[in-house]
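What follows is a single structure, written as C-alpha coordinates, with notes after it.
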Amino acid sequence: PESGEYVLAINDALYRGREDFVYRITVGEVPFVSSIFPLGGRVGEPTRVEMDGWNLKGAKLAPPGDAAPGTYLVTAKKGKLVSNPVPFVLDTLPECLDQEPNNDPAHAQKLQLPVIVNGRVDATDDWDVFRVEGRAGETLVAEVHARRLDSPLDSILELTDESGKLLAMNDDHADAGSGLNTHHADSYLMVELPADGTYYVRLGDTARHGGREYGYRLRIGPPRPDFELRAVPSGGAMRGKGFGATTVYALRKDGFDGDVRLSLKDPPKGFSSSGVVLPKGKDSVRFGVKTSLKEMDPTVNLSIEGRAVIENRTLAHEAVPAEDRMLAFLWRHLVPAQTLTVLVFDPAYEPPAKRPLPPPEAKPEAKPETKPETKPETKPETKPETKPETGKEPVSSPKFTKRQVAGRLRQLEALYQEWLLTDEFYRRNVAECEAAM
(Lines give C-alpha, C1' and ligand atoms only; values in the text may rest on other atoms or scores of the structure.)
Protein backbone atom coordinates (compact mmCIF):
# COMPACT_ATOMS: atom_id res chain seq x y z
CA PRO A 1 0.00 0.00 0.00
CA GLU A 2 2.89 2.41 0.57
CA SER A 3 6.66 2.68 0.30
CA GLY A 4 8.64 1.35 3.23
CA GLU A 5 9.95 -1.81 4.86
CA TYR A 6 7.82 -4.93 5.26
CA VAL A 7 8.27 -8.14 7.25
CA LEU A 8 7.50 -11.56 5.78
CA ALA A 9 7.11 -14.39 8.32
CA ILE A 10 7.07 -18.11 7.46
CA ASN A 11 6.16 -20.89 9.87
CA ASP A 12 4.56 -24.32 9.94
CA ALA A 13 0.77 -24.29 10.34
CA LEU A 14 1.14 -26.37 13.54
CA TYR A 15 4.28 -24.46 14.63
CA ARG A 16 6.44 -27.53 14.24
CA GLY A 17 10.04 -27.58 13.07
CA ARG A 18 12.39 -30.24 11.77
CA GLU A 19 15.40 -30.46 9.49
CA ASP A 20 13.28 -31.88 6.64
CA PHE A 21 10.74 -29.02 6.77
CA VAL A 22 12.44 -27.26 3.83
CA TYR A 23 11.00 -24.62 1.53
CA ARG A 24 11.83 -22.24 -1.32
CA ILE A 25 10.34 -18.76 -1.62
CA THR A 26 10.49 -16.33 -4.50
CA VAL A 27 10.15 -12.64 -3.61
CA GLY A 28 9.94 -9.82 -6.11
CA GLU A 29 7.81 -8.16 -8.76
CA VAL A 30 7.49 -11.46 -10.64
CA PRO A 31 4.47 -12.45 -12.74
CA PHE A 32 1.96 -14.60 -10.85
CA VAL A 33 -1.10 -16.22 -12.46
CA SER A 34 -4.07 -16.75 -10.13
CA SER A 35 -6.47 -18.07 -12.80
CA ILE A 36 -6.88 -18.50 -16.54
CA PHE A 37 -9.85 -18.82 -18.89
CA PRO A 38 -10.61 -21.03 -20.67
CA LEU A 39 -9.07 -23.93 -18.77
CA GLY A 40 -8.33 -25.84 -21.96
CA GLY A 41 -8.77 -26.08 -25.70
CA ARG A 42 -9.06 -28.37 -28.70
CA VAL A 43 -6.03 -30.14 -30.13
CA GLY A 44 -4.64 -28.33 -33.17
CA GLU A 45 -6.76 -25.20 -32.76
CA PRO A 46 -5.49 -21.82 -31.44
CA THR A 47 -6.88 -20.76 -28.06
CA ARG A 48 -6.90 -17.21 -26.71
CA VAL A 49 -6.29 -17.41 -22.97
CA GLU A 50 -7.23 -14.70 -20.46
CA MET A 51 -5.08 -14.37 -17.32
CA ASP A 52 -5.76 -12.90 -13.89
CA GLY A 53 -3.07 -12.32 -11.29
CA TRP A 54 -0.26 -9.87 -10.53
CA ASN A 55 2.57 -8.30 -12.52
CA LEU A 56 1.09 -9.66 -15.77
CA LYS A 57 1.32 -6.45 -17.86
CA GLY A 58 3.33 -7.42 -20.91
CA ALA A 59 3.33 -11.12 -19.96
CA LYS A 60 2.42 -13.75 -22.57
CA LEU A 61 1.05 -17.25 -22.10
CA ALA A 62 1.24 -19.73 -24.98
CA PRO A 63 -0.92 -22.87 -24.63
CA PRO A 64 0.42 -26.12 -26.17
CA GLY A 65 -1.81 -26.10 -29.25
CA ASP A 66 -0.03 -28.83 -31.24
CA ALA A 67 0.42 -31.31 -28.40
CA ALA A 68 -1.45 -34.60 -27.89
CA PRO A 69 -4.57 -34.73 -25.69
CA GLY A 70 -3.73 -34.41 -22.01
CA THR A 71 -3.08 -31.97 -19.18
CA TYR A 72 -0.07 -29.66 -19.40
CA LEU A 73 1.51 -27.04 -17.13
CA VAL A 74 1.82 -23.64 -18.83
CA THR A 75 3.48 -20.43 -17.64
CA ALA A 76 3.34 -16.75 -18.47
CA LYS A 77 6.62 -15.18 -19.57
CA LYS A 78 7.56 -11.57 -19.00
CA GLY A 79 11.01 -10.88 -20.36
CA LYS A 80 13.36 -13.21 -18.50
CA LEU A 81 10.84 -13.81 -15.71
CA VAL A 82 8.52 -16.83 -15.69
CA SER A 83 5.29 -17.16 -13.69
CA ASN A 84 4.02 -20.03 -11.61
CA PRO A 85 2.76 -23.02 -13.66
CA VAL A 86 -1.00 -23.53 -14.13
CA PRO A 87 -2.76 -26.56 -15.69
CA PHE A 88 -4.21 -26.41 -19.21
CA VAL A 89 -5.96 -29.39 -20.81
CA LEU A 90 -6.25 -30.40 -24.47
CA ASP A 91 -9.02 -32.62 -25.88
CA THR A 92 -10.27 -33.74 -29.29
CA LEU A 93 -14.00 -32.93 -28.90
CA PRO A 94 -15.64 -29.78 -30.33
CA GLU A 95 -15.65 -26.87 -27.87
CA CYS A 96 -17.79 -23.81 -27.16
CA LEU A 97 -18.21 -21.07 -24.56
CA ASP A 98 -21.20 -20.77 -22.23
CA GLN A 99 -23.53 -17.96 -23.18
CA GLU A 100 -25.25 -15.84 -20.53
CA PRO A 101 -28.01 -15.54 -19.55
CA ASN A 102 -28.58 -19.28 -19.16
CA ASN A 103 -29.67 -19.54 -15.51
CA ASP A 104 -32.92 -21.48 -16.02
CA PRO A 105 -34.54 -23.90 -18.51
CA ALA A 106 -36.36 -21.04 -20.26
CA HIS A 107 -33.00 -19.49 -21.19
CA ALA A 108 -31.00 -22.72 -21.45
CA GLN A 109 -28.14 -22.82 -23.95
CA LYS A 110 -28.79 -25.43 -26.64
CA LEU A 111 -25.90 -27.81 -27.35
CA GLN A 112 -25.01 -30.18 -30.17
CA LEU A 113 -23.42 -33.31 -28.72
CA PRO A 114 -20.71 -34.29 -28.10
CA VAL A 115 -19.20 -31.03 -26.88
CA ILE A 116 -17.01 -29.47 -24.19
CA VAL A 117 -18.35 -26.23 -22.72
CA ASN A 118 -15.85 -23.73 -21.32
CA GLY A 119 -17.71 -21.64 -18.77
CA ARG A 120 -17.64 -19.71 -15.52
CA VAL A 121 -19.87 -19.61 -12.48
CA ASP A 122 -19.15 -15.91 -12.45
CA ALA A 123 -21.49 -14.62 -9.75
CA THR A 124 -22.97 -15.62 -6.40
CA ASP A 125 -25.69 -18.27 -6.81
CA ASP A 126 -25.12 -18.42 -10.57
CA TRP A 127 -26.37 -21.51 -12.43
CA ASP A 128 -25.56 -22.51 -15.99
CA VAL A 129 -28.27 -24.57 -17.71
CA PHE A 130 -27.80 -26.45 -20.98
CA ARG A 131 -30.42 -28.05 -23.22
CA VAL A 132 -29.73 -31.34 -25.03
CA GLU A 133 -31.83 -33.75 -27.08
CA GLY A 134 -31.74 -37.47 -26.34
CA ARG A 135 -33.31 -40.78 -27.27
CA ALA A 136 -34.61 -43.59 -25.10
CA GLY A 137 -31.90 -46.06 -24.14
CA GLU A 138 -29.00 -43.71 -24.94
CA THR A 139 -26.37 -43.18 -22.25
CA LEU A 140 -25.51 -39.56 -21.49
CA VAL A 141 -22.30 -38.57 -19.71
CA ALA A 142 -21.74 -35.16 -18.11
CA GLU A 143 -18.35 -34.53 -16.48
CA VAL A 144 -16.86 -31.38 -14.93
CA HIS A 145 -13.16 -30.54 -14.91
CA ALA A 146 -12.61 -27.60 -12.57
CA ARG A 147 -10.94 -28.36 -9.23
CA ARG A 148 -8.57 -30.74 -11.03
CA LEU A 149 -7.51 -27.70 -13.07
CA ASP A 150 -6.98 -25.48 -10.00
CA SER A 151 -10.39 -23.76 -10.19
CA PRO A 152 -12.01 -23.08 -6.77
CA LEU A 153 -15.38 -24.28 -8.13
CA ASP A 154 -17.02 -27.01 -6.02
CA SER A 155 -19.39 -28.14 -8.74
CA ILE A 156 -22.79 -29.79 -8.53
CA LEU A 157 -24.50 -31.37 -11.55
CA GLU A 158 -28.20 -32.08 -12.03
CA LEU A 159 -30.01 -33.76 -14.93
CA THR A 160 -33.75 -33.17 -15.39
CA ASP A 161 -36.29 -34.03 -18.05
CA GLU A 162 -38.46 -31.48 -19.85
CA SER A 163 -41.00 -31.47 -17.02
CA GLY A 164 -38.34 -30.62 -14.44
CA LYS A 165 -38.19 -34.09 -12.88
CA LEU A 166 -34.75 -34.75 -11.37
CA LEU A 167 -33.20 -37.85 -12.98
CA ALA A 168 -29.70 -37.71 -11.49
CA MET A 169 -27.49 -35.49 -9.33
CA ASN A 170 -23.84 -35.55 -8.30
CA ASP A 171 -21.68 -33.35 -6.09
CA ASP A 172 -18.23 -34.95 -5.71
CA HIS A 173 -16.73 -37.74 -7.82
CA ALA A 174 -13.42 -39.34 -6.81
CA ASP A 175 -10.62 -39.52 -9.38
CA ALA A 176 -7.65 -41.69 -8.36
CA GLY A 177 -5.57 -40.12 -11.13
CA SER A 178 -5.73 -36.56 -9.78
CA GLY A 179 -2.46 -36.72 -7.82
CA LEU A 180 -2.41 -34.99 -4.43
CA ASN A 181 -5.90 -33.50 -4.81
CA THR A 182 -7.51 -33.82 -1.35
CA HIS A 183 -10.98 -32.60 -2.32
CA HIS A 184 -12.51 -34.46 -5.27
CA ALA A 185 -14.90 -31.59 -5.92
CA ASP A 186 -15.60 -32.23 -9.62
CA SER A 187 -18.94 -33.79 -10.60
CA TYR A 188 -19.76 -36.71 -12.90
CA LEU A 189 -22.99 -38.26 -14.21
CA MET A 190 -23.62 -41.27 -16.46
CA VAL A 191 -27.34 -41.84 -17.04
CA GLU A 192 -29.38 -44.03 -19.39
CA LEU A 193 -32.13 -41.78 -20.79
CA PRO A 194 -35.66 -43.09 -20.19
CA ALA A 195 -37.36 -41.62 -23.28
CA ASP A 196 -36.98 -39.51 -26.40
CA GLY A 197 -37.10 -35.81 -25.66
CA THR A 198 -35.42 -32.73 -24.24
CA TYR A 199 -33.17 -32.84 -21.18
CA TYR A 200 -31.49 -30.15 -19.12
CA VAL A 201 -28.03 -30.25 -17.52
CA ARG A 202 -27.73 -27.78 -14.64
CA LEU A 203 -24.35 -26.77 -13.17
CA GLY A 204 -23.58 -24.60 -10.12
CA ASP A 205 -21.37 -24.23 -7.06
CA THR A 206 -22.43 -26.15 -3.94
CA ALA A 207 -21.61 -23.19 -1.66
CA ARG A 208 -23.32 -20.73 -4.06
CA HIS A 209 -20.00 -18.93 -4.58
CA GLY A 210 -18.79 -17.49 -7.89
CA GLY A 211 -16.38 -15.15 -9.65
CA ARG A 212 -14.03 -14.79 -12.61
CA GLU A 213 -11.77 -17.50 -11.24
CA TYR A 214 -14.62 -20.07 -10.99
CA GLY A 215 -13.99 -21.58 -14.42
CA TYR A 216 -14.91 -25.07 -15.60
CA ARG A 217 -14.89 -27.46 -18.54
CA LEU A 218 -18.11 -29.45 -18.93
CA ARG A 219 -18.07 -32.49 -21.23
CA ILE A 220 -21.50 -33.67 -22.38
CA GLY A 221 -22.07 -36.54 -24.77
CA PRO A 222 -22.06 -40.32 -25.12
CA PRO A 223 -19.59 -42.36 -23.04
CA ARG A 224 -15.95 -42.55 -24.11
CA PRO A 225 -14.85 -45.85 -22.51
CA ASP A 226 -11.13 -45.72 -21.78
CA PHE A 227 -8.53 -46.34 -19.07
CA GLU A 228 -5.33 -45.01 -17.55
CA LEU A 229 -2.59 -47.01 -15.82
CA ARG A 230 -0.37 -46.33 -12.80
CA ALA A 231 2.70 -48.41 -11.85
CA VAL A 232 3.58 -48.41 -8.12
CA PRO A 233 6.31 -48.04 -6.91
CA SER A 234 8.14 -45.89 -9.45
CA GLY A 235 11.45 -47.70 -9.01
CA GLY A 236 13.36 -50.35 -7.13
CA ALA A 237 16.29 -52.76 -7.02
CA MET A 238 16.43 -56.33 -8.34
CA ARG A 239 18.83 -59.13 -7.39
CA GLY A 240 21.11 -60.22 -10.20
CA LYS A 241 19.47 -62.89 -12.39
CA GLY A 242 16.40 -62.43 -10.23
CA PHE A 243 12.81 -61.28 -10.28
CA GLY A 244 11.03 -58.06 -9.36
CA ALA A 245 7.45 -56.87 -9.35
CA THR A 246 5.36 -53.72 -9.37
CA THR A 247 1.63 -53.15 -8.90
CA VAL A 248 -0.28 -51.80 -11.89
CA TYR A 249 -3.53 -49.93 -11.20
CA ALA A 250 -6.25 -49.38 -13.81
CA LEU A 251 -8.25 -46.14 -13.68
CA ARG A 252 -11.36 -47.10 -15.65
CA LYS A 253 -13.44 -44.45 -17.39
CA ASP A 254 -17.04 -44.15 -18.59
CA GLY A 255 -18.02 -47.69 -17.70
CA PHE A 256 -15.09 -49.58 -19.26
CA ASP A 257 -14.80 -52.90 -17.43
CA GLY A 258 -12.85 -55.18 -19.79
CA ASP A 259 -9.51 -56.97 -19.68
CA VAL A 260 -6.25 -55.03 -20.03
CA ARG A 261 -3.21 -56.95 -21.32
CA LEU A 262 0.04 -55.71 -19.78
CA SER A 263 3.55 -56.14 -21.21
CA LEU A 264 6.98 -54.52 -21.20
CA LYS A 265 7.30 -51.99 -24.00
CA ASP A 266 10.71 -52.07 -25.77
CA PRO A 267 12.45 -53.70 -22.78
CA PRO A 268 16.18 -53.01 -22.36
CA LYS A 269 18.60 -55.87 -23.00
CA GLY A 270 18.51 -58.38 -20.16
CA PHE A 271 14.92 -57.67 -19.07
CA SER A 272 11.80 -59.64 -19.90
CA SER A 273 8.25 -60.32 -18.77
CA SER A 274 5.77 -63.03 -19.64
CA GLY A 275 2.95 -60.46 -19.57
CA VAL A 276 -0.05 -60.19 -17.27
CA VAL A 277 -3.78 -59.72 -17.82
CA LEU A 278 -5.55 -57.25 -15.56
CA PRO A 279 -8.91 -59.05 -15.59
CA LYS A 280 -12.37 -57.67 -16.05
CA GLY A 281 -13.72 -55.98 -12.94
CA LYS A 282 -10.32 -55.71 -11.23
CA ASP A 283 -8.49 -52.46 -10.56
CA SER A 284 -4.98 -53.74 -9.82
CA VAL A 285 -2.60 -56.63 -10.50
CA ARG A 286 1.02 -57.56 -9.76
CA PHE A 287 3.33 -57.29 -12.79
CA GLY A 288 6.53 -59.34 -12.70
CA VAL A 289 9.85 -58.57 -14.41
CA LYS A 290 12.86 -60.92 -14.85
CA THR A 291 16.47 -60.04 -15.51
CA SER A 292 19.32 -62.15 -16.89
CA LEU A 293 21.92 -59.59 -15.78
CA LYS A 294 24.14 -60.25 -12.80
CA GLU A 295 24.54 -56.56 -12.02
CA MET A 296 24.39 -53.21 -13.78
CA ASP A 297 25.42 -49.62 -13.41
CA PRO A 298 23.79 -47.18 -14.05
CA THR A 299 20.02 -47.70 -13.70
CA VAL A 300 17.59 -48.24 -16.60
CA ASN A 301 14.03 -47.06 -17.18
CA LEU A 302 11.27 -49.56 -17.92
CA SER A 303 7.92 -48.93 -19.62
CA ILE A 304 4.78 -51.01 -19.05
CA GLU A 305 2.09 -50.86 -21.72
CA GLY A 306 -1.54 -51.89 -21.43
CA ARG A 307 -3.79 -52.83 -24.37
CA ALA A 308 -7.54 -53.31 -24.40
CA VAL A 309 -10.18 -53.81 -27.07
CA ILE A 310 -12.95 -51.22 -26.63
CA GLU A 311 -15.81 -50.95 -29.13
CA ASN A 312 -13.83 -52.92 -31.75
CA ARG A 313 -10.80 -50.64 -31.34
CA THR A 314 -7.50 -51.53 -29.68
CA LEU A 315 -6.37 -48.82 -27.29
CA ALA A 316 -2.83 -48.77 -25.88
CA HIS A 317 -1.62 -46.69 -22.92
CA GLU A 318 1.68 -46.63 -21.05
CA ALA A 319 1.55 -46.96 -17.27
CA VAL A 320 2.49 -43.73 -15.50
CA PRO A 321 5.08 -44.39 -12.74
CA ALA A 322 3.66 -43.36 -9.37
CA GLU A 323 4.05 -43.63 -5.60
CA ASP A 324 1.32 -44.67 -3.16
CA ARG A 325 1.34 -41.92 -0.53
CA MET A 326 -0.85 -41.10 2.46
CA LEU A 327 -1.70 -37.46 3.11
CA ALA A 328 -3.24 -35.99 6.25
CA PHE A 329 -3.26 -39.41 7.96
CA LEU A 330 -6.22 -40.60 5.88
CA TRP A 331 -6.25 -40.00 2.13
CA ARG A 332 -4.14 -42.20 -0.12
CA HIS A 333 -2.90 -40.86 -3.46
CA LEU A 334 -1.19 -42.29 -6.52
CA VAL A 335 1.34 -39.49 -7.02
CA PRO A 336 2.86 -39.47 -10.54
CA ALA A 337 6.63 -39.73 -10.94
CA GLN A 338 8.85 -39.17 -13.98
CA THR A 339 10.35 -42.61 -14.61
CA LEU A 340 10.05 -46.29 -13.69
CA THR A 341 13.68 -46.85 -12.69
CA VAL A 342 15.32 -50.20 -11.94
CA LEU A 343 18.76 -51.16 -10.63
CA VAL A 344 20.20 -54.70 -10.77
CA PHE A 345 22.68 -55.55 -8.00
CA ASP A 346 24.92 -58.47 -7.11
CA PRO A 347 23.83 -59.70 -3.65
CA ALA A 348 27.34 -61.06 -3.00
CA TYR A 349 28.97 -57.69 -3.50
CA GLU A 350 30.52 -56.10 -0.43
CA PRO A 351 31.57 -52.45 -0.63
CA PRO A 352 35.11 -51.56 0.44
CA ALA A 353 35.47 -50.54 4.06
CA LYS A 354 35.25 -46.81 4.67
CA ARG A 355 37.26 -47.19 7.87
CA PRO A 356 39.76 -50.00 8.57
CA LEU A 357 38.78 -52.04 11.60
CA PRO A 358 41.04 -51.55 14.61
CA PRO A 359 43.37 -54.42 15.60
CA PRO A 360 42.17 -56.50 18.53
CA GLU A 361 43.26 -55.22 21.91
CA ALA A 362 46.50 -56.85 23.10
CA LYS A 363 46.01 -59.20 26.01
CA PRO A 364 48.18 -58.61 29.14
CA GLU A 365 51.14 -60.99 29.61
CA ALA A 366 50.43 -63.91 31.91
CA LYS A 367 52.40 -63.83 35.21
CA PRO A 368 54.26 -66.98 36.44
CA GLU A 369 52.16 -69.14 38.72
CA THR A 370 53.03 -69.12 42.44
CA LYS A 371 52.12 -71.95 44.72
CA PRO A 372 50.06 -70.90 47.71
CA GLU A 373 51.51 -71.51 51.16
CA THR A 374 50.31 -74.70 52.78
CA LYS A 375 48.98 -74.67 56.27
CA PRO A 376 49.27 -77.60 58.69
CA GLU A 377 46.25 -79.80 58.75
CA THR A 378 44.06 -79.16 61.75
CA LYS A 379 41.22 -81.50 61.01
CA PRO A 380 40.98 -84.77 59.22
CA GLU A 381 39.74 -84.32 55.66
CA THR A 382 36.08 -85.17 55.20
CA LYS A 383 34.66 -86.12 51.87
CA PRO A 384 31.52 -84.31 50.73
CA GLU A 385 28.38 -86.27 50.26
CA THR A 386 28.23 -87.83 46.82
CA LYS A 387 25.11 -88.07 44.72
CA PRO A 388 24.40 -91.16 42.72
CA GLU A 389 26.00 -90.99 39.27
CA THR A 390 23.64 -90.42 36.34
CA GLY A 391 26.19 -91.00 33.62
CA LYS A 392 25.85 -87.37 32.32
CA GLU A 393 27.82 -84.30 33.20
CA PRO A 394 26.03 -80.92 33.34
CA VAL A 395 26.57 -78.84 30.17
CA SER A 396 26.43 -75.04 30.32
CA SER A 397 24.59 -73.49 27.35
CA PRO A 398 25.88 -70.22 25.82
CA LYS A 399 24.04 -66.99 26.44
CA PHE A 400 23.46 -66.38 22.72
CA THR A 401 23.48 -68.45 19.55
CA LYS A 402 26.20 -68.06 16.92
CA ARG A 403 23.64 -66.48 14.59
CA GLN A 404 22.66 -63.85 17.16
CA VAL A 405 26.29 -63.00 17.86
CA ALA A 406 27.07 -62.76 14.13
CA GLY A 407 24.19 -60.33 13.67
CA ARG A 408 25.38 -58.22 16.56
CA LEU A 409 28.90 -58.12 15.13
CA ARG A 410 27.54 -56.94 11.77
CA GLN A 411 25.64 -54.14 13.50
CA LEU A 412 28.76 -53.06 15.37
CA GLU A 413 30.81 -53.02 12.17
CA ALA A 414 28.17 -50.98 10.32
CA LEU A 415 28.08 -48.37 13.09
CA TYR A 416 31.87 -48.29 13.19
CA GLN A 417 32.06 -47.74 9.41
CA GLU A 418 29.79 -44.70 9.80
CA TRP A 419 32.19 -43.26 12.42
CA LEU A 420 29.60 -43.60 15.17
CA LEU A 421 31.80 -45.74 17.48
CA THR A 422 35.26 -45.19 18.91
CA ASP A 423 38.00 -47.80 18.57
CA GLU A 424 37.87 -48.58 22.28
CA PHE A 425 34.08 -48.99 22.35
CA TYR A 426 34.14 -51.20 19.23
CA ARG A 427 36.90 -53.51 20.56
CA ARG A 428 35.25 -53.88 23.95
CA ASN A 429 31.86 -54.82 22.49
CA VAL A 430 33.38 -57.24 19.98
CA ALA A 431 35.19 -58.98 22.84
CA GLU A 432 31.96 -59.22 24.85
CA CYS A 433 30.12 -60.74 21.87
CA GLU A 434 32.80 -63.34 21.25
CA ALA A 435 32.81 -64.28 24.93
CA ALA A 436 29.04 -64.72 24.91
CA MET A 437 29.10 -67.66 22.49
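Note that these values count all heavy atoms, side chains included, but never hydrogens, waters or copies made by symmetry.
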Worksheet item: What is the minimum heavy-atom distance between L39 and S151, and which atoms define it?
Response: CD1-CB, 4.3 Å

Worksheet item: Ignoring hydrogens and geometry, is there a side-chain-to-backbone donor-acceptor pair from S83 to A76 under 3.5 Å?
Response: yes

Worksheet item: Counting heavy atoms not belonging to R135, are there more than 12 under 6.0 Å from its CZ?
Response: no

Worksheet item: Hey, is NZ on K78 packed in by over 12 heavy atoms from elsewhere, all under 6.0 Å?
Response: yes

Practice prompt. Would you confirm whether Q109, through its side chain, and Q99, through its main-chain N or O, come within 3.5 Å as a donor-acceptor pair?
Written response: yes

Item to complete: Could you list the residues that satisfy side chain to side chain donor-acceptor pair (under 3.5 Å) with T75, not counting sequence neighbours?
Response: none

Worksheet item: At their closest point, which heavy atom of A67 faces which heavy atom of V43, and how far apart are they?
Response: O-CG1, 3.5 Å

Worksheet item: Do the charged groups of R307 and D259 touch, with an N to O distance under 4.0 Å?
Response: no

May I have the list of side-chain donor-acceptor pairs in residues 278-291 shorter than 3.5 Å, sequence neighbours left out?
residue	atom	partner	partner atom	Å
R286	NH1	T247	OG1	3.0
T291	OG1	G270	O	3.1
T291	OG1	L293	N	3.2

Discussion item. Checking Y416 now: which residues fulfil ring-ring contact (aromatic ring centres under 6.0 Å, His included) with it, not counting sequence neighbours?
Written reply: Y426

Worksheet item: Can you name the ring-ring contact (aromatic ring centres under 6.0 Å, His included) partners of H209, sequence neighbours left out?
Response: none

Discussion item. Just to verify, what does E158 make a salt bridge (Lys or Arg N to Asp or Glu O under 4.0 Å) with, not counting sequence neighbours?
Written reply: R202

Discussion item. Please identify which of these residues, E311, K253, R313, R252, meets the side-chain contact (heavy atoms from CB on, under 4.5 Å) condition with P225.
Written reply: E311

Practice prompt. Classify the angle between the aromatic ring planes of H317 and F227 as parallel (below 30°), tilted (30 to 60°) or perpendicular (above 60°).
Written response: perpendicular

Worksheet entry | ring-ring contact (aromatic ring centres under 6.0 Å, His included) partners for F88, two or more places apart | none

Practice prompt. Spell out, as yes or no, whether a donor-acceptor pair under 3.5 Å connects the side chain of H184 to the backbone of D175.
Written response: yes

Worksheet item: Is there side-chain contact between L149 and P87, with heavy atoms separated by less than 4.5 Å?
Response: yes

Worksheet item: Would you call D126 and E100 a side-chain contact if the rule is heavy atoms closer than 4.5 Å?
Response: yes

Worksheet item: Do V86 and L73 touch side chain to side chain, with heavy atoms closer than 4.5 Å?
Response: no

Practice prompt. Measure the shortest side-chain to side-chain distance between L97 and V117 over non-hydrogen atoms and say whether it is less than 4.5 angstrom.
Written response: no

Practice prompt. Sort and list the pairs that fulfil salt bridge (charged side-chain N to carboxylate O under 4.0 Å, His left out) and have at least one residue in residues 3-15, not counting sequence neighbours.
Written response: D12-R16

Fill in: Heavy-atom side-chain proximity of R230 to V248 below 4.5 angstrom
no

Worksheet entry | Trace of the salt bridge (charged side-chain N to carboxylate O under 4.0 Å, His left out) decision for R148 with D186 | CA-CA 7 Å; R148 286 173 286 183; D186 293 338; 2.8 Å; yes

Fill in: Full working for side chain to side chain contact (heavy atoms under 4.5 Å, CB included) between N181 and R147
CA-CA 8 Å; N181 180 21; R147 186 62 62 88; 4.2 Å; yes

Practice prompt. Sequence neighbours left out, what passes side chain to side chain donor-acceptor pair (under 3.5 Å) with K265? Give chain and number order.
Written response: E318

Practice prompt. Check the pair R408 / V430 against side chain to side chain contact (heavy atoms under 4.5 Å, CB included), numbers first and verdict last.
Written response: CA-CA 9 Å; R408 178 63 174 169; V430 166; over 6 Å; no

Worksheet, complete the sentence: Sorted by chain and residue number, the side-chain contact (heavy atoms from CB on, under 4.5 Å) partners of T26 (sequence neighbours excluded) come out as V30

Worksheet item: For D128 and Y216, does a side-chain donor sit closer than 3.5 Å to a side-chain acceptor?
Response: yes

Fill in: Test item: Q417 side-chain N/O and K354 main-chain N/O as donor-acceptor pair under 3.5 Å
yes

Worksheet item: Does K241 come within less than 4.0 Å of E295, counting only side-chain N to carboxylate O?
Response: no

Fill in: Min side-chain heavy-atom separation S187-H173 under 4.5 Å
no

Discussion item. Can you give me the closest heavy-atom contact between L167 and P194, atom names plus distance?
Written reply: CD1-CD, 4.2 Å

Worksheet, complete the sentence: Note: V320 and P336 closest approach over all heavy atoms is CG1-CB, 4.1 Å

Discussion item. Going by the rule side chain to side chain donor-acceptor pair (under 3.5 Å), which residues pair with D104 if we only count those two or more places apart in sequence or in a different chain?
Written reply: H107

Practice prompt. Pick out which of R219, R42, R217 makes a salt bridge (charged side-chain N to carboxylate O under 4.0 Å, His left out) with E95.
Written response: R217

Fill in: Exam field: side chain D205 to backbone D154, donor-acceptor pair closer than 3.5 Å
yes

Practice prompt. Kindly say whether D226 contributes a backbone atom to a donor-acceptor pair with the side chain of D254 at under 3.5 angstrom?
Written response: no

Worksheet item: Can a donor-acceptor pair be found between the side chains of T198 and E133 at a distance below 3.5 Å?
Response: yes

Worksheet item: When you measure from the side chain of T422 to the backbone N and O of F425, does any donor-acceptor pair fall under 3.5 Å?
Response: yes

Practice prompt. Measure from the side-chain N and O atoms of N11 to the backbone N and O of Y15, and report whether any donor-acceptor pair falls under 3.5 Å.
Written response: no

Worksheet entry | Donor-acceptor contact present, side-chain T139 to main-chain L193, <3.5 Å | no

Discussion item. Suppose we screen for salt bridge (Lys or Arg N to Asp or Glu O under 4.0 Å). Which residues come up paired with D52, at least two apart in sequence or across chains?
Written reply: R212

Worksheet entry | Y6, OH: over 12 other non-hydrogen atoms inside 6.0 angstrom | yes

Worksheet item: Of all residues at least two apart in sequence or in a different chain, which pass the side chain to side chain donor-acceptor pair (under 3.5 Å) check with R18?
Response: D20

Worksheet item: From L409 CG over to Q404 CD, what is the distance, rounded to the nearest 0.5 angstrom?
Response: 12.0 Å

Item to complete: State, yes or no, whether a side-chain contact exists between T246 and P233 at a heavy-atom distance under 4.5 Å.
Response: yes

Discussion item. Could you walk me through whether S234 and E323 satisfy the side chain to side chain donor-acceptor pair (under 3.5 Å) test, starting with their C-alpha distance in whole Å, then the side-chain angles of each, then the deciding distance to 0.1 Å, before giving a yes or no?
Written reply: CA-CA 6 Å; S234 63; E323 295 295 335; 2.4 Å; yes

Item to complete: Check whether any side-chain N or O of E434 sits under 3.5 Å from a backbone N or O of A431 as a donor-acceptor pair, and report yes or no.
Response: no

